[in-house]
Amino acid sequence: MIRSVDPRLPPEALFLLWAMAHGDEVAVLNSCYVIDQDGTAEMRGTVVRMGDVDILQAMRAVLSAVQLDTTFLAAPVRQIVHADLESRCPVRRAVQVEVDDAVGFRCSIFGVAPPDFHEQVKNCRGLIITGDARKQGNFILRKGLDVTPGSILSMGCR
């Protein structure tokens, strides 16, 4: 289920997000992420290019369209983290604000070491590649259920 359509999302991204089930993951990556270096060219998902937006705009667009899995996970957003940069990462702070706004409460972003992150990207339903080249601008989001009262009523349960 798509909650709203951000005009920055191309049709391929909308279809990807719509086709995702609860628990499926999408990676939102910077332009420096090399897909073929870790075998993700053989992944099961779709690759969508959003070269005209930065990581923050892409995250805002994706978060406006899908609900994060805060029902079953404490941290449904993961970020690639290099130990020497974790505490002073401006991209992480900016994305944290977007995540918190989207879910309505403080929702931690879990840091993942590069080798583990690359393995996790292989299992994503799709990749969204942005035009942003900033370091550590790589995230994985897990889609959840939209169980707001409005969504239940709109499904015909009256």
Side-chain angles (χ1 to χ4, degrees), residues 1-6 8-30 33 35 38-40 42-48 50 53 55-83 85-87 89 91-130 132 136-158:
M1 178 174 172
I2 298 291
R3 297 187 315 175
S4 69
V5 178
D6 188 298
R8 291 174 285 220
L9 290 171
E12 300 86 11
L14 282 172
F15 182 76
L16 166 65
L17 298 172
W18 171 80
M20 289 173 60
H22 172 258
D24 283 347
E25 295 178 332
V26 62
V28 181
L29 307 167
N30 66 22
Y33 193 89
I35 316 174
D38 54 14
T40 50
E42 300 161 10
M43 62 173 282
R44 64 183 174 106
T46 306
V47 177
V48 177
M50 291 179 61
V53 299
I55 196 74
L56 192 58
Q57 293 168 324
M59 289 292 284
R60 188 176 300 134
V62 170
L63 290 168
S64 74
V66 297
Q67 178 74 31
L68 292 177
D69 188 3
T70 56
T71 306
F72 299 102
L73 295 177
V77 179
R78 298 186 304 280
Q79 178 192 23
I80 192 169
V81 174
H82 301 278
L85 297 175
E86 182 175 6
S87 64
C89 180
V91 174
R92 184 184 188 123
R93 288 192 302 268
V95 169
Q96 182 70 65
V97 170
E98 294 301 322
V99 169
D100 293 348
D101 285 348
V103 298
F105 56 87
R106 174 78 174 163
C107 182
S108 297
I109 296 174
F110 186 73
V112 179
D116 295 332
F117 187 87
H118 296 304
E119 282 300 312
Q120 293 173 19
V121 166
K122 291 179 187 179
N123 295 317
C124 287
R125 176 74 179 227
L127 309 180
I128 296 175
I129 311 288
T130 68
D132 200 333
Q136 301 212 58
N138 299 308
F139 296 86
I140 297 173
L141 295 90
R142 183 177 173 133
K143 185 176 179 182
L145 299 170
D146 187 2
V147 291
T148 58
S151 69
I152 294 169
L153 291 176
S154 67
M155 293 170 30
C157 302
R158 297 181 188 149

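Given the structure is predicted, the values throughout are model-derived calculations rather than measurements.
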**OP:** Quick one: which residue pairs count as a salt bridge (charged side-chain N to carboxylate O under 4.0 Å, His left out) with a foot in residues 62-73, not counting sequence neighbours?
**Re:** D69-R142
**OP:** Drop me the distance from E25's CD to R125's CZ, to the nearest 0.5 angstrom.
**Re:** 12.0 Å
Original post:
What closest approach, in Å, do A58 and T130 show between heavy atoms, and which atom pair accounts for it?
Top reply: CB-CG2, 3.4 Å
Original post:
Would you say N30's side chain and N138's backbone share a donor-acceptor pair under 3.5 angstrom?
Top reply: no
**OP:** Indicate the atoms forming the closest heavy-atom contact of C107 with P76, along with that distance.
**Re:** SG-CD, 3.4 Å
Original post:
Excluding sequence neighbours, so at least two apart, what forms side-chain contact (heavy atoms from CB on, under 4.5 Å) with D116?
Top reply: V112, A113, Q120
Original post:
How far apart are the closest heavy atoms of V81 and G111, and which atoms are they?
Top reply: CG2-CA, 3.4 Å
**OP:** Calculate, to the nearest 0.5 Å, the distance between atoms CZ and CZ belonging to F110 and F139 respectively.
**Re:** 14.0 Å
**OP:** With sequence neighbours excluded, give me every salt bridge (charged side-chain N to carboxylate O under 4.0 Å, His left out) pair touching residues 56-67.
**Re:** R60-E98
Subject >> Verdict with reasoning, Q79 to Q136, per side-chain contact (heavy atoms from CB on, under 4.5 Å) >> reply: CA-CA 7 Å; Q79 178 192 23; Q136 301 212 58; 3.7 Å; yes
Original post:
So how far is it from L141 CG to M59 CE, rounded to the nearest 0.5 Å?
Top reply: 4.0 Å
Original post:
Which heavy atom of G137 sits nearest a heavy atom of I55, and at what distance?
Top reply: O-CD1, 3.0 Å
Original post:
Once you round to the nearest 0.5 Å, how far does CG of L29 lie from CD1 of I129?
Top reply: 4.5 Å
Original post:
Considering all heavy atoms of both residues, which atom of L17 and which atom of A65 are nearest to each other, and what is their separation?
Top reply: CD1-CB, 4.0 Å
Please list every donor-acceptor pair under 3.5 Å in which a side-chain atom of residues 8-16 meets a protein atom from a residue at least two apart or in another chain.
unit_1, atom_1, unit_2, atom_2, d
R8, NE, D6, OD1, 3.1
R8, NH2, D6, OD2, 2.9

Subject >> Partner set under ring-ring contact (aromatic ring centres under 6.0 Å, His included) for F72, not counting sequence neighbours >> reply: H22
Original post:
When rounded to the nearest 0.5 angstrom, what is the spacing between OG1 in T70 and CG in L145?
Top reply: 9.5 Å
**OP:** State, yes or no, whether a side-chain contact exists between D132 and Q57 at a heavy-atom distance under 4.5 Å.
**Re:** no
Subject >> Pairwise side-chain contact, Q96 with V77, heavy-atom cut-off 4.5 Å (strictly under) >> reply: no
Subject >> Sequence-distant partners of D100, salt bridge (charged side-chain N to carboxylate O under 4.0 Å, His left out), two or more places apart >> reply: R106
Subject >> Rounded distance [0.5 Å steps], CG in L127 versus CE in M50 >> reply: 13.5 Å
